[in-house]
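This report concerns only the one structure given below.
Basis for what follows: all heavy atoms, side chains included, without hydrogens, waters or symmetry-related copies.
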Amino acid sequence: MPEDIFDIVVIGGGPGGYVAAIRAAQLGMKVAVVEKRNNLGGVCLNEGCIPSKALLDSSELFTVAKEKFVSHGIKAAGLEFDLAKMMARKDQIVRKLTEGISFLLKKNKVIRFTGSGKLAGPRGDGLQVVAVTSPDSPGIPRLINGRHILLATGSEPVELPFLPFDGQTVVSSREALAFAEVPEHLLVVGGGYIGLELGSVWNRLGAKVTVVEMLPHILPNTDRQVADALAHILKKQGMYFLMESSVTGVDIEEGTTLVTVQTGDSTEELSCDRVLVAVGRKPFAANLGLAEAGIDLDEKGRVAVDKNYETAADGIYAIGDLIAGPMLAHKAMEEGVACVERLAGHASQVDYEFIPGVVYTWPEAASVGKTEEELKEANIAYSAGRFSFAANGRARCMEETDGFVKILARKDTGKVLGVHVVGPRASEMIAEAVTVISYGGSAQDIALTFHAHPTLSEAMKEAALDVEGRAIHV
Ligand code: FAD
Ligand code: NAD
């Protein structure tokens, strides 16, 4: 059927896939998206970025009302929260946003197929076939054809062999975003993005939260000073950390869960009611027909691609969590755009060196570029400028004085190499640093630029001044 021939068939409707589809349609291509979920938006919108931030925002407001109103002279007696309503609000946000993606695809005339897509081989006339199995007709796949196929099937949580997910007691982030009750004691395995964000949500709502982390520091790839400062602040907020520790087993009996944790030579048993395993995610490459298509996976199970995102099979491309690089929504989106723009003959590129990372705890931690540890390791001579939020007027007004901005710049030219922030709204502040570093700017460029007063962003300017030892407000 002629309507089933597309310029590009995208398998996976997450941030990588749906953004690629819209951009391809803007470029005049006839596009199909195959997504097995009912909702578009992938992990990010359905069970990742968006629901986690919705709960972080709700639980933060509750904590502000409970702990911070009083010093502002605001009385709020009898403060309570309604968890069911908080969850319903989160679900409503997800619904609105995923419906929004459906609308955008329709607006751009992208055809959506609901079902699992699998590569079904080349036809021999330059077209690749994708078999779509829909839940409504499980035995009879629908065949659609594409001049190009884009694989954007994302990732899934890593499961620990001695701590298998059961969906009830030992859970992944999916279930931890939807607990019907606040756990008494939530044990979190992994002090990375998910452990700290979802640990924060439940800690704020009254759970005892213990994070068991294998390494000596949380957030292993983050600048050490930022990670250590954040760990210190989260401890003040009541979270417990067992560092250089591993969970070695779990005993689940009716009503009690005992988790065995090993730290060095000592072993202890911790009683808890839920275990969130957040030790990383792995690419989701199952049932795609990759081996039959001659597409290789690397040692971490990621689809191997060249610089144009093309796999070993002609005309088949891959992006996002499925391939190498940080598993972040904005990275997946940029790859989707670059991939289809190159198919259309544009010279688009993705600046892998300057992908920002944000941990949405309170305060937030945000980074771009090299960490101090990486610069030392690479023997690059650098100057560091640092400015504390305690000396920032706006942060004082907000009573949010924990944290700092740190700028790392080349010693000879002042060119910005890395910016690391732990502090209020670090997620928004990092955008300035991403722009400057992407354009090859220097600390002086930041220092010479107006920053409105009084704003948190003045801490960025002061840190830039401090690179040359001339910060004003220290
Ligand atoms: P995905 O979003 O995983 O989408 C892949 C889609 O493909 C899925 O919808 C899946 O159903 C579909 N699919 C898979 N196989 C098939 C098939 N055979 N046929 C049809 N469809 C298929 N990143 C950030 O940048 N910021 C954040 O704040 C953030 N928070 C997160 C919080 C949590 C709790 C989690 C788990 C992740 C978070 N992430 C965040 C990471 C982010 O969600 C991912 O990096 C991003 O979703 C990757 O996009 P993607 O398009 O590659 O894949
Ligand atoms: P992560 O890679 O961020 O952190 C995993 C942590 O678990 C690490 O600190 C690691 O040392 C530790 N670990 C590994 N094995 C362990 C073990 N056996 N025992 C104890 N600790 C162990 O992974 P995550 O938190 O599961 O998140 C997965 C990915 O999702 C992230 O890497 C990120 O790409 C993405 N994500 C991003 C955001 C965001 O952008 N704000 C939020 C959530 C998730």
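Every residue two or more places apart in sequence or in another chain that forms a side-chain contact (heavy atoms from CB on, under 4.5 Å) with Arg37 is listed here: Glu35, Val43, Asn46, Glu47. Remark: Leu97 pairs with Leu45, Ile50, Ile93 by the side-chain contact (heavy atoms from CB on, under 4.5 Å) rule, at least two apart or across chains.
In this model, a donor atom of one side chain and an acceptor atom of the other lie less than 3.5 Å apart for Arg95 and Gln92. When only modelled atom types and interatomic distance are considered, Gln237 and Trp362 share no side-chain donor-acceptor pair under 3.5 Å. Checked by atom type, the side-chain pair Asn203/Ser200 shows no donor-acceptor distance below 3.5 Å. The closest side-chain donor-acceptor pair between His473 and Glu462 falls under 3.5 angstrom.
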Run the numbers on Arg224 and Asp228 for salt bridge (Lys or Arg N to Asp or Glu O under 4.0 Å), then give the verdict. CA-CA 6 Å; Arg224 190 65 51 78; Asp228 288 351; 5.2 Å; no

Which pairs of donor and acceptor atoms, one on a side chain in residues 70-77, lie under 3.5 Å apart (sequence neighbours left out)?
from, atom 1, to, atom 2, distance (Å)
Ser71, OG, Lys68, O, 3.2
Ser71, OG, Glu399, OE1, 3.1
Ser71, OG, Glu399, OE2, 2.9

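With a 6.0 Å cutoff to the six-membered ring centre and a 45° limit on the axis angle, Arg342 does not count as a cation-pi contact of Tyr309.
Ring planes of Phe179 and Trp202: tilted class, angle from 30 to 60°.
Environment of CD in Glu268: crowded, with over 12 heavy atoms of neighbouring residues, nucleotides or ligands closer than 6.0 Å.
Residue His185 comes nearest to Thr210 through the heavy atom pair NE2-OG1, 2.7 Å, listed as atom of the first residue, atom of the second, then distance.
Here the side chain of Lys415 pairs no donor or acceptor atom with the backbone of Gly440 at under 3.5 angstrom.
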